[in-house]
Every structure is written in structure tokens, then in C-alpha cells.
Amino acid sequence: MANPPKWALFFLKKTCSEEFLDELEGDLMELYERDIMKFGIRKARRRFMTRALFSPRWYRLPFFQYFQSSAMWKNHFKMAYRHAFRHKLSSAINLSGLILGIAAVFYIGLFIKDQLSFDKMHLEGEHIYRVLRSNPVNDKKTVVTSSQHGQSLSETFPFISVCRFGNDPVKMGDKHPLLIDEFYWADSTFFDFFSFKMIQGNPETCLKELNSLVITRSLSEQLFGTATSLDKVLKVKVYDGDQEYQMRISGVIEDPPKNSHIQFRALGAMANAEELYSKLIKSWGFSWLRTYIKVPENRLPEIKAALPDLMADRLGPEMGRTNSMAFQAFYDIHLHSRGIQRSSTAGDIRFLYIFGAIGLLILFISISNYINLTTARASMRAKEVSVRKVLGTKKLGIIRQFIIESVVLTGCAGIAAVLLMMLSITRLNAFLELDLSYYDLSPGDWLFIFLSIIALGIITGLLPSISIAKLNFFSKGNSAIQFKTGLNTLTRKMFLGFQYLITLVLVASALIVFQQYSYLKNFDLGFDTSQLMHIPVNDRFLQKKLHVIQKELAQLPGILGVTTTSEDLPSEHNNTWGLNWADSLEERTSNIEIVGVDKNYFELTGIDFVSGRNFTSDFAIDSAGSVIINEKAQNIIGLGELEGQYINIGGRNRKVIGVVKDHHNTSLHSQIRPIAFFIFPPGTRVSPDNILIKLEVEQLSGLTTEIEKIWKKFTADPLTFNFVDEAFSEAYQRERRFSKLVSCFTVIAIIISLIGLFGLISFTTQSKIKELSIRRILGATDFNLMKVLGWEFISVYFVAIVIAVPLTFYLMQAWLANYAYRIQLNGQYLFLSAIICFSISMIVLFYHLQKTTRQNPGEVLSTE
Amino acid sequence: MKGTHLGEFEELVLLIVGILDGTAYGVNVMDEIDKQINRKVSVSSIHTTLSRLEKKGFIESYNGPASPVRGGRSKRLYRIRSEGQKALELIRQQREQLWRLLPKISFQYG
């Protein structure tokens, strides 16, 4: 008689509890024997296997048998509950550490999820690439492209489609016009590329016709008081083109979601722009568009291979060498655009790595707290565990009990952490200048969070429960002191050391990040940004009257001076011209930034002259013929003093009448560039379109109304202004936010490890209370006792410092390398961080020592 | 106490256990169901139902003698308890009551 397959029997044993095994096996065997008679052995074996495989049922799985016994559950919960409430302090410590840890990780998780969700709503993104203007020689890439970039691509490669859009500030409406900075001329393919939700209108045709306009819901509500404004006609004045259109609203869309890198308030048909800028768009140099292409799968290499020929063909071999295009995958744009010029998105993959790491570290600290405290307290559970063992609980049973306890505790901490986050998220957002919310979390996400918390409970419970289960409570007598730690000392010290290490590195990094931020903010820019008010003048027509406005403003009492410039501050340097000169050997070329100013500019901003003189008049002789350059430009040319010499800028020889000191008119993310200052008459691209007013801040409130009065005399546009020093601080918003984020989570990390330290020290002093009392009686001082207790902590601490110093140095050096202007790393921050951590540990230690030794030694020693 | 409601399959198994009169166990319940109403079910689902009926208190189990046919494993035999009998009676009464209310007309033209 052949037996059924062994593994099938084994499978039955594993999936069926003892209680039901005989019944199941017996029945299956009976059927098996019947099958042998009927079909023969081979088929019978096969049928047996199938039956065995489909035999598992919930009610007889061995694992679930355990959970079905509700008495066991109740008992576990009761023990956990009683234990937690008997030792309120250490339970509170344990829980609060976990709550803070989980809450911090939850918030970091929201941040990372938000960053990763960027642009994912655009469903076509897989096949879309952003076209970058690139220079293969120096590997510089720029987001803005000319009309020709997209056009040449679509002409050469018929299988791709192209979408371009370009910014152009406009004024909308008649009576109460609105300034719309986020207005874009867009190709009709726009809604085919990007999945924005359309409220009204046809996404395929809405940008095809001349004078069509698509606006967002919020703009529509602002203009018309309703979201449904299809087919209404709107007056749109284009500042740069100095032209007015009657545009018909052909579509209304929902506001772009915050996590789309494409943001706008209104789109106009590209046909209008082509008409308006018909000459400019033929030029490869007129870069004002962002270009995206949609490429069928796998055909991008083909395009890349054909690019050099295409560029050489269109631009000539010489220009074709330094001008090319690069393609960036659409979903990479938000997080992987570092180093690409004029890329507006603020995301950075490195941020995610940094915060992911901080989150993991915080989680690690709170877990190791829990592990340390639970194992340290194992002694208190000694009696319970012994009784269980005597009554026949196996090792596995004890492990299971403690894991369940830890899962329950972590679960409570998780719920509390999520509640804590829900309550504090608005404040955290406000403080960290983020806009995160948990509303968008799907049920799947919540399930993931729930499962992670359970997994966390199992992981945290595993180590202590194993070490508790391993204890042999009868081998060495029954005194609790002997089982004071379940983990061996080395493991415990390692956990402690890691905590110290993480805290040290985080504190030092937070200090350095903050130092770098304030260094940038308080950097001596080389000119005076204080008391400077900046008014942008977008209207071309108004720019012609700039001098009149300037004169009127200068009359106002409280105004110290007025000047005009083509660059706001901090500058973007939108106009770069060629610079040619001949030194003793050859003709040389470089680039120089062009800034249009007037003669008041240098005095008002406090920029000093190195040599030469200022412009003398506003127009006549100085206009465009004479130039003032900065030191950097003089150094690049390298011919010594240039005052009075002629250099060729933008294809014309110009007389250098003065050289000014180098100053940082851009944010400190970039180095000082060579600059040429000119006086230009109104009407060119580099003519002044900004007013700078130096005023007495005390009179500010009255002055603004006076300024507005004058402004209203010239235009119906609303007056907008800002202050230059604030604008410069705003340029470091990213650093500020980063510094805040790092310091915020560092504080959380410190609090958690402090909580852990507190618990651990409290436990150590408690377990050594007799030793301490005897020492005390024999005349030990506080300091002696501190030494006895503190040695363990201090030795671990110094090991941590030895590792933390090079680690911090390495990490921070890498981070600082991103800045053109940065602080010098030296030991002082590390030292400060070490001192902070050390003194906190010592204070905690001292506190516990005081608490312990204040008890009467006689009483301590008499209780057993 | 769990609900004493009987599902369709539970009712069927309970009836078979009654029919087999104290000798019911997994395999012969399965065979009987096949024989009487020609319905094929797996032995494991019989087990599930038997255990559920036992938990509800309609049947009880006891260990039968070990037999060599079953590889030396003893049978777990089931017999119906008075609660089970009552439950079956009740269902039957309810059904008959409902049958009486059913208008004849629906059969003539159905």
C-alpha cells in the first residue's frame, strides 16, 4: 500500500491544529484509499495533494487557534495595562518618545509623498520631455528656449508634437484692471500635453483661434464673480508688446494643482504672440518660451543622434557647436532640475534624501529608547514571567506576549501621533512654510500607515521579548537586581552610543545650516539695500514717462532720492551681450551683463567708484555711448585701468568713463558677473522699467499714499511695490526653510533621546540604589557618586564624539559645496554641539542622583 | 452564544447528520450528500460546517474507534442533539406555513 506524498502530510500538519488533525487526516486517507481502488495510485496521490492544498480553513489554522482564545487576549491586555499603570513614569517616557517619533516620521512622510506626487496628475508625462537650450561645450543648460527650438524640432521630426508657452505680463479688464503676471501664450497642444481639469470649453480647440483666452476658475471668479464665463470678451493689454486685444474666453479650467510645476492664471493663443512678436520669434536668440515635446516610445535616441546635424544646418557650423538642445524627462523636472538655469521649481531630490534620513534616524532613536527601556525593566516582569513559565508557557508564548504588548503600545502611540499631527499640522505648516495636508491620503495610504505601525510594534517588541524569554529566572536565585538588563551590556551601550551619535550630528548640522543661512542673510553685499523701495513699471507706455514720474516723486518730503533701472534687485540679469576686446595677442570675446540705469543710481545704492566718474546727464552725450563697468569686467579684460579706453560691447565701441566696485546685485547663490551700466532712452529691451526710491522709513505710512497719488496721475494700473532688503532675504527662502526644517526635527530628535536618556538613567540609579546608599554612608560626595553612575554614559559618549566629528564634517562639507559664498567649517560648531549634549546628560544624571540619594539610606538598605 | 440561524448548506448537513443517526463523519456526509441530492462538495468544507454546527450546539462529536483503513486515525463521529432536532422542526414548520400561503394560481400558469 503506497503512502500519500510526505510533503502533503507535512503541509497538513502545519496548517491544521492538533485538535482537528486526526479528523482531517483520517478523512483524507479514507478518500485516498478509495481513490486507489478506483483510479490507481498515481491519480490518487494527485487527488490527495489537491485536497490537502485546499484543506486550510481559518478556524483550524494553528496560528489562529491562539487568537481565538479570548481569555489569553484579555489576559495579555490586562497585564500590559496593569504594568503600564504601575510604572506610570517609564510608560509615559516610553510612549511619549514613540508618539513624537511616529508623528515626526508621519510629517516627513507627508512631505516626501507631496514631493514625489509632483506632476503625476499629468497623465501623458511618460512621453513628454522638456527641451533645454544647452551648450555642449560648457555643459550649461537653460529652461528658456526660443520659438525656433520647438519649430525646428517639429519640422525635422514629424512624429513628435510640440507644446510651447511663454510668460508675458498683462493687464486684464477695463474699469478695475488686474495685473496678471502669470499669463502665458501657449500652443494649442497645451491641453493635449497637460491634464488640467476643464470646467468649460473644449480642450482640443480652445487655444487654436486668434484671440482665444483660457482662464482659471479663481481668475474667472475674480473678474466676473462666477466660474462660468465662457464666451465673454475681455480687454487684455500686453505690456511688452504694448498692444491691446479683445480676447474671447474659450475655456475655464480648475486652478492648477499646487503640485504641478506648471502654474498659470491665464493662457492666450500662441497665434496672438506670433503676430505680436513676428520679427523676434524668427531669432534663435530670443529666448522666452518653455518648450515640451511628446515623443512616441523609444524614439528619443533617434532625435538626439540627429541633433548636431540639425543645429549645424540651422545655425551654421560655428554656432551649432555651442548651441544644442537637451531633453529632460517630464517627471524628473520637479526633483532633478538642479544646475539648470532659470528652472523655477523648488524641489530637490537631495532634500528628500536628507529628510528621509532624518526621519529614519528619529524613528531609530525612538525604537532604541523603547528597546532599551523595556529590556532594562525586564526585572520588574520577572515574577510574572516566572509564573507563566512554571505554568507551562513556552518561550514562544512569552515572546508572543511581549510582542503583542509592544504592538498594542505602538498602536496607541501611533493613534496618538496621528491625532497630534492632525492637531498641530497647521501650525507646523505655518512655521516650516510648507503646505502639507493629510486630507489627500487615500484609504490605501491609511492602510499602509496602519500596517507600518503594526510592523513597527513587532520590530520593536522582538528584541526585548526574545531577551526576556531567554532569561532563566531560577538559575541564580531570585533577586531582581541580577536580571537588571536582558540585553547584554555591549548591545545596550551600542544603542546608547548610536543615540548620542545621531543627536550630536543633528545638533551640529542644525547649527551649521543656521550659520550658513544667517551668513547669507547678513552678507555685506557691497551696496546699501536699506530704505530702498522698488516699484516695477510694466507698461511700455508708462516707461516713456519715467523721467517725469521720477521728478515728481523726488519733490516729496521724506524721499531722499529716486532712480530708475532695468534690473530689479536682486537682479536676474536678463540681458547678456557680447564683449570683445583685443589684447596684445589676439581678439578675445566674452559675455557681459547689461544694466540700464540713470545718473542717480550709484549714489542711491551706495556703490562706490574705483576710478573715473559717474554719468553726467540723463540723455545727450552719455546716452549709450559711454559705459560704466564693474571691477569684475575690468579684471576679465585684464588690461589694467580701463578708464578712458574704448571697449566693444554688443558690437559697438564704447568709452569706459568709470569703474565701480564689485557688488552682489544678485543673490549669493551665484558669483559676481561682469556688468556694464548704460543710460538707454526709453523703448528698448534694456531701458529702465523699475523705479527705486530711497526714503525715510519713519515716514513710510504717509509716503505710500503720497506716492500712490502721483502714480495715479499717470496710469490706471494698480501700484505695486516691495523693499529691496526684504527681497534679498526672500531670495534665501529656501535656505531659511531648510534651516527651519532641520532645526525643527533636530529638536524633536533631541527631545526623544533626552526622554530615553532620562528613562535609562532613572533605571540605572534605581537598580544601583543600594550600592549608592552604602557609598553614601561611607562618606562619598556627590561628585564621587556622579563618577560611579556617569562613567558608563561618559565612555559611550566619547566614542560617539570620535565618530560624530568626521561624519558631520564630511556631510556638511558636501552640503556647503553648493554655495558660492559659504562659511568656513571649523570645530566650534561641533564643540558647541558636544557641550550641549554633554551638559544635558549630566543635568539629567545629577537630577536622578539627587532624587535617589535624598532617600534615607537606612530605609533603602532595610527593604529587600 | 452565536446566532442560531441556519444557512442553506448548514441545514443540509444537519439533516444528513440526522439521517446517518450517530455514525456521521466527514467522508460519509460527503458521500450521502452526493448520493441523495447529487451535489459534489469537498471534505474540508464539510468539516467547516460540522465544526460550526457543533459550536452552535446543534450537534455533538465523540471519538469513534480507530480503523486501519484510515491509516490508524480515529474517526470523529457526529450525532444530532435535541437542539438540532428542534431547529430542524422549526424550519420545517416555517416552510410549511409559507407553502400554505403560496397561491395555487402561480403554478397553473407558471
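We name chains A, B, ... by the order of the sequence lines, and we start the count at 1 in each one.
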Is [X] in contact with chain A via its backbone, its side chain, both, or neither, using a 4.5 Å heavy-atom distance?
X: B/V27; answer: both
X: B/N28; answer: neither
X: B/S45; answer: both

Item to check | Exercise: identify the closest heavy-atom pair between B/S44 and A/R60 | outcome: OG-NH2, 3.1 Å
Next on the checklist: Tell me the closest heavy-atom pair linking A/D27 and B/Y25, and the distance in Å.
Outcome noted: OD1-CD1, 3.3 Å
Next on the checklist: If I measure from the heavy atoms of chain B, does A/L21 come under 4.5 Å with its side chain, its backbone, both, or neither?
Outcome noted: neither
Checklist entry - Are there more than 12 heavy atoms of other residues, nucleotides or ligands under 6.0 Å from atom CZ of A/F448? => result no
Checklist entry - Would the number of heavy atoms belonging to other residues, nucleotides or ligands and lying under 6.0 Å from CZ of A/F85 be above 12? => result no
Item to check | Nearest-0.5 Å distance that lies between atom CG in B/D31 and atom CD in A/E30 | outcome: 8.0 Å
Item to check | Rounded distance (nearest 0.5 Å) linking atom CG of A/L28 with atom NE2 of B/H47 | outcome: 7.0 Å
Checklist entry - Given the rule in the side-chain contact (heavy atoms from CB on, under 4.5 Å) test, do A/F54 and B/S42 qualify, once you have shown the distances and angles that lead to the verdict? => result CA-CA 9 Å; A/F54 287 99; B/S42 81; over 6 Å; no
Next on the checklist: For chain A, which candidate among B/S51, B/S74, B/S61 shows the most heavy-atom pairs at distances under 4.5 Å?
Outcome noted: B/S51
Next on the checklist: I'd like to know whether B/R52 forms a side-chain contact (heavy atoms from CB on, under 4.5 Å) with A/Y59, so could you lay out the CA-CA distance, the side-chain angles of the two residues, the decisive distance to 0.1 Å, and finally the verdict.
Outcome noted: CA-CA 9 Å; B/R52 205 175 289 154; A/Y59 76 100; over 6 Å; no
Checklist entry - Checking side-chain contact (heavy atoms from CB on, under 4.5 Å) for the pair B/R76/A/D22: CA distance, chi angles, key distance, verdict? => result CA-CA 8 Å; B/R76 179 190 284 227; A/D22 255 12; over 6 Å; no
Item to check | Any residue meeting salt bridge (Lys or Arg N to Asp or Glu O under 4.0 Å) with B/R92, in chain and number order, not counting sequence neighbours | outcome: B/E96
